[in-house]
**Q** 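Pasting in a structure now, in structure tokens, and then I'll have a few things to ask.
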Amino acid sequence: MRDVFLSRKLSSNMQAEGDEAAFRWRLNVLSLGGSERGQADAYFYRLNCNGGWWYTPSPERSLINLVIPVVGGVSLQREAGRIDAEPGEALVYQNHVLTRKRMRPFEGCFECIGLTMEFRRAERVLAELLQAPIEADLRLTPKIDLKTTHGHIAASMMERLSLLPGTDSGSGLTPQLQQRLVDAFAHLLLECSPHRYTDRLIRQGSGAVPGYIRRARDYMWRHCASDLSMTDVAAEVQVSLRTLESGFRKFLDTTPGAYLRTLRLRLARKRLQSNADACSIGEIAKACGFQHVGRFARYYMQAYGETPSQTRQSGAQRT
């Protein structure tokens, strides 16, 4: 696992500035949690090197990355432009929004602490808090001020974890404690950086979601693959269609139709990622409640940043 981490983050995707033969780096990494593919859920690391370098993200996995420069600076190259961070600031990003990352040395030296987390961990935390499916693009605000309370706590935790003896087994921590640490940090990270669900979390924390919204949500979860209309949902929870629409907008910041569509997209994605599913993309789309395959493909691209066929191909490559 350590070799996989090093090769993905510091060899095949890394390009040193200047004389590569003279470039030296040292890494301490702590991995926590574990997935069904034998990969950790999160890596906390501390990196020291004697020069600057570029990093190109790999599209193979859906990751959230947080990096805090200690000596030198970090620059993110994105389609929207460049974002810089100096000591006292942090940068957070998902792989699909980044084109390149540059580690900028100060007087020939660079040092940073960082976190690489599987997106599915943050997705799980958000889904449990909101009781709703989560879009793949969180639209994270890229820069975090470490002088804020949340930023200071995050930086302090990362500092401590990155200094623990490097290991791939959680430093003797039980699997349960490792999972709780990862979930706690995912929750903290989601509070540090404003994202597309921040307002909904604030609203949801300020008052209970009405019972009819919870019942409608549960009903859609159970029947999302069937030919379900919003009139059916409103009748099931015994409110008018207008009340259902306004309730979803107020408490979940979405419409019932968009909520149902996200459920169906999530179901389709799981099937596309499964190598045991031999159905065609069109058959999967229709089985998940989409009658128009072209429309399904358009919604899927908007939600996940890739086509259904690309998801299927990446699933095949993992075997």
Side-chain angles (χ1 to χ4, degrees), residues 4-5 7-9 11-13 34-41 55-65 76-80 93-101 116-124 126-127 132-140 195-197 220-229 254-319:
V4 171
F5 176 80
S7 66
R8 290 196 178 201
K9 291 193 68 64
S11 294
S12 59
N13 299 338
S35 71
E36 65 280 0
R37 298 194 301 272
Q39 296 164 335
D41 289 327
Y55 167 70
T56 303
S58 169
E60 296 175 6
R61 294 164 61 194
S62 182
L63 302 171
I64 296 178
N65 301 272
L76 300 183
Q77 301 283 351
R78 311 193 309 169
E79 291 183 0
Y93 64 92
Q94 292 179 259
N95 277 27
H96 67 275
V97 302
L98 183 71
T99 56
R100 294 184 84 188
K101 178 171 68 176
T116 296
M117 178 182 291
E118 292 277 356
F119 167 75
R120 62 184 179 80
R121 299 302 300 184
E123 179 187 32
R124 172 182 163 183
L126 263 177
I134 305 303
E135 299 283 354
D137 184 1
L138 296 180
R139 298 178 187 169
L140 292 161
H195 49 82
R196 71 189 304 164
Y197 296 104
M220 282 191 268
W221 270 100
R222 294 195 304 271
H223 301 282
C224 65
S226 63
D227 186 14
L228 195 64
S229 71
T254 189
T255 65
Y259 185 91
L260 178 61
R261 182 170 64 244
T262 304
L263 290 176
R264 288 170 169 169
L265 286 169
R266 188 177 185 182
L267 178 62
R269 185 169 178 82
K270 287 183 178 180
R271 292 192 57 175
L272 289 167
Q273 290 173 328
S274 172
N275 294 301
D277 197 323
C279 293
S280 68
I281 291 175
E283 290 170 336
I284 290 176
K286 290 182 179 179
C288 294
F290 293 95
Q291 300 306 312
H292 302 281
V293 179
R295 195 173 299 166
F296 160 72
R298 189 162 59 251
Y299 287 140
Y300 192 93
M301 182 69 179
Q302 291 172 352
Y304 298 110
E306 62 183 17
T307 65
S309 60
Q310 287 173 327
T311 299
R312 169 153 280 180
Q313 289 169 5
S314 62
Q317 291 171 356
R318 285 195 294 268
T319 60

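All values reported here derive from a predicted model rather than from experimental measurement.
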**Q** Could I get the full list of salt bridge (charged side-chain N to carboxylate O under 4.0 Å, His left out) partners for R261, not counting sequence neighbours?
**A** none
**Q** According to ring-ring contact (aromatic ring centres under 6.0 Å, His included), who are the partners of H96, at least two apart in sequence or on a separate chain?
**A** none
**Q** Work out which heavy atom in A287 is nearest to a heavy atom in R271; give both atom names and the distance.
**A** CB-NH1, 3.4 Å
**Q** Step by step, work out the side chain to side chain contact (heavy atoms under 4.5 Å, CB included) result for R78 and Y93.
**A** CA-CA 10 Å; R78 311 193 309 169; Y93 64 92; 5.5 Å; no
**Q** Do any N or O atoms from the side chain of T262 and from the backbone of A258 form a donor-acceptor pair under 3.5 angstrom?
**A** yes
**Q** Quick check: closest heavy atoms across S309 and T307, and the distance to 0.1 Å?
**A**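 Here S309 and T307 meet closest at OG-OG1, 3.0 Å.
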**Q** Do any N or O atoms from the side chain of Q94 and from the backbone of L138 form a donor-acceptor pair under 3.5 angstrom?
**A** yes
**Q** Report the distance from atom CZ of F119 to atom CG of L126, rounding to the nearest 0.5 Å.
**A** 8.0 Å
**Q** Holding to side chain to side chain donor-acceptor pair (under 3.5 Å), I want the full list of residues that pass it with Q302, two or more places apart in sequence or in another chain.
**A**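 For Q302, no residue satisfies side chain to side chain donor-acceptor pair (under 3.5 Å) once neighbours in sequence are set aside.
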**Q** With sequence neighbours left out, write down each residue that passes side-chain contact (heavy atoms from CB on, under 4.5 Å) with L267, or none if nothing qualifies.
**A**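 Applying side-chain contact (heavy atoms from CB on, under 4.5 Å) to L267 gives C224, A225, C288.
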**Q** If every non-hydrogen atom of A136 is compared with every non-hydrogen atom of Y304, which pair is closest and at what distance?
**A** CB-CD2, 3.5 Å
**Q** Using distance only, find each side-chain donor-acceptor pair of residues 291-300 under 3.5 Å and give its atom names and separation, not counting sequence neighbours.
**A**
from, atom 1, to, atom 2, distance (Å)
Y300, OH, R269, NH1, 2.9
Y300, OH, T311, OG1, 2.8

**Q** Using 0.5 Å steps for rounding, measure from the CD atom of E135 to the CG atom of L265.
**A**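 Spacing of CD (E135) from CG (L265) equals 7.5 Å.
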**Q** Does Q77 have any side-chain contact (heavy atoms from CB on, under 4.5 Å) partners at least two apart in sequence or in another chain, and if so, which?
**A** W54, R82, T99, R100
**Q** Nearest 0.5 angstrom please: L76 CG to Y55 OH, how far?
**A** 11.5 Å
**Q** Does any non-hydrogen side-chain atom of R312 lie less than 4.5 Å from one of I284?
**A** yes
**Q** Taking all non-hydrogen atoms of both residues into account, name the closest pair between W221 and R266 and its distance.
**A** CH2-NH1, 3.3 Å
**Q** Side-chain contact test, heavy atoms from C-beta onward, threshold under 4.5 Å: evaluate it for R264 versus L260 and give yes or no.
**A** yes
**Q** Give the C-alpha distance, both sets of side-chain angles, the deciding distance and a yes or no for side chain to side chain contact (heavy atoms under 4.5 Å, CB included) between E118 and L63.
**A** CA-CA 5 Å; E118 292 277 356; L63 302 171; 4.0 Å; yes
